[in-house]
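Letters A, B, ... mirror the listed sequences (proteins, then strands); counts begin at 1. Atoms considered below: every heavy atom in the structure, side chains included; atoms not considered: hydrogens, waters and symmetry mates.
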Amino acid sequence: MPQANSVVVLDFETTGLSPNLGDRAIEIGAVKLVDGEVVDSFQQLMNPGFRVSSFIESYTGITNNMLRTAPSCDEVMASFSEFIADDNLIAHNASFDKRFLDAELERINCGYAGEFACSLLVARRLIQEAPSHKLGELVRYKNIDNDGVFHRALADAQMTAKLWLQMVEDLELSGIVNPSFEFMQTVSKTAKGKVNLLLAKSRV
DNA sequence: TGCCAGGCCCTCTTTAGGGCCTT
């Protein structure tokens with residue numbers, strides 16, 4: 001059973017957009033939150049077994065030279081599987097990270113018990129006025145502390161965690177008592193036009 | 001052979017198309 005008060009916020013850097021087209025993970029970064037506080041983190045480059053494109057080198061700053069000496073995906077993902085344990089999971093555009101997590105873990109016959117929640121879907125509902133819902137733009141829009149590093153796994157996971165906690169805090173300030181992971185999932189699945197009704201009911 | 005993501009969400013919608021978001 002997933003731990004009620006423990007959640008892992010994760011982010012993958014990959015060779016492309018689709019594991020179904022042969023793309024692999026090249027870096028995983030994650031932070032573990034317990035009761036809204038960061039208690040642990042995980043970051044590891046991994047060697048996908050082939051050269052990454054110059055686009056990916058440029059986009060992430062992760063070079064083929066850096067990956068040359070990195071441990072294999074199998075090795076890293078086995079370790080990461082232990083890190084996430086049975087926790088629930090959060091990612092920005094979670095469907096993307098879930099596809100890669102599922103694909104990489106399937107290769108080593110590993111699974112996980114937690115469920116995903118998506119900070120992108122929640123942000124589209126709770127921060128509807130933002131000019132963009134890209135992670136970097138939301139961080140800027142909400143004035144969230146960052147070190148200026150983007151498109152690296154741990155930095156993006158840390159920013160996603162801060163964005164998530166900011167959205168939880170905003171809900172608390174609006175009168176919703178202790179919004180749970182499950183409540184945030186419900187928000188993400190509620191039609192944008194009906195979110196305010198959901199929030200109003202949740203304040204009663 | 002040639003092509004190639006996938007899910008969400010809006011709208012000039014549902015017998016569809018296209019933008020957003022992730023690398």
Per atom distances to the A/Leu17 side chain, the nearest of B/dC10, B/dC21, B/dA5 is B/dA5
**Prompt:** Using a cut-off of less than 4.0 Å, is there contact between a side-chain N or O of A/Asn20 and OP1 or OP2 of B/dC4?
**Reply:** no
- B/dT14 to B/dC8 separation - C1' atoms, rounded to the nearest Å: 16 Å
Per atom distances to the A/Tyr59 side chain, the nearest of B/dC21, B/dT23, B/dG7 is B/dT23
query: Quick one: is the NZ or CZ of A/Lys32 closer than 6.0 Å to the six-membered ring centre of A/Phe42, and within 45° of its axis?
result: no
### Distance between P atoms of B/dC21 and B/dC4 (Å, rounded)
23 Å
Mind checking if A/Thr60 touches a base, just sugar-phosphate, or nothing, with heavy atoms under 4.0 Å? sugar-phosphate
Under a 3.5 Å threshold, yes or no: a donor from one side chain and an acceptor from the other, between A/Thr160 and A/His92? no
- Using the C1' atom on both, measure B/dC12 against B/dG18 and round to a whole Å. 12 Å
What is the nucleic acid contact for A/Phe12, judged by heavy atoms within less than 4.0 Å: base, sugar-phosphate only, or nothing? sugar-phosphate
Looking only at B/dT23, B/dC21, B/dC4, the nucleotide nearest the A/His151 side chain is B/dT23
Side-chain contact check for A/Arg124: nearest option of B/dT23, B/dG6, B/dC20 is B/dC20
TODO: Using a cut-off of strictly less than 4.0 Å, decide whether A/Ser132 has a side-chain nitrogen or oxygen near OP1 or OP2 of B/dC21.
DONE: yes
Whole-Å distance, A/Lys134 NZ to B/dT23 P, equals 11 Å
Scan A/Leu21 against the nucleic acid and name what it touches under 4.0 Å (heavy atoms): base, sugar-phosphate only, or nothing.
base
Note: A/Asp170-A/Lys142 ion pair, threshold 4.0 Å (strictly below): yes
From CZ of A/Phe100 across to C1' of B/dA5 the rounded distance in Å is 9 Å
- Base, sugar-phosphate alone, or nothing: which one does A/Asp97 contact when heavy atoms must sit under 4.0 Å apart? nothing
**Q.** Salt bridge A/Asp74-A/Arg107, side-chain N to carboxylate O under 4.0 Å
**A.** no
*Does any non-hydrogen side-chain atom of A/Ile26 lie less than 4.5 Å from one of A/Leu45?*
no
Quick note, A/Lys192 side chain, CB onward, closest among B/dC21, B/dC8, B/dC10 is B/dC10
**OP:** Look at the side chain of A/Gln158 and the backbone N and O of A/Gly29, then say whether any donor-acceptor pair between them is shorter than 3.5 Å.
**Re:** no
TODO: Examine B/dC20: is either OP1 or OP2 under 4.0 Å from a nitrogen or oxygen in the side chain of A/His133? Give yes or no.
DONE: no
Per atom distances to the A/Leu121 side chain, the nearest of B/dT23, B/dC8, B/dC21 is B/dC8
Of B/dG6, B/dC21, B/dT23, the nucleotide closest to the side chain of A/Ile56 is B/dT23
* Asked: Looking only at atom C1', what distance separates B/dC3 and B/dG19, rounded to whole Å?
  -> 22 Å
- prompt: Base, sugar-phosphate, or nothing: which does A/Ile26 touch, judged by heavy atoms less than 4.0 Å apart?
  reply: nothing
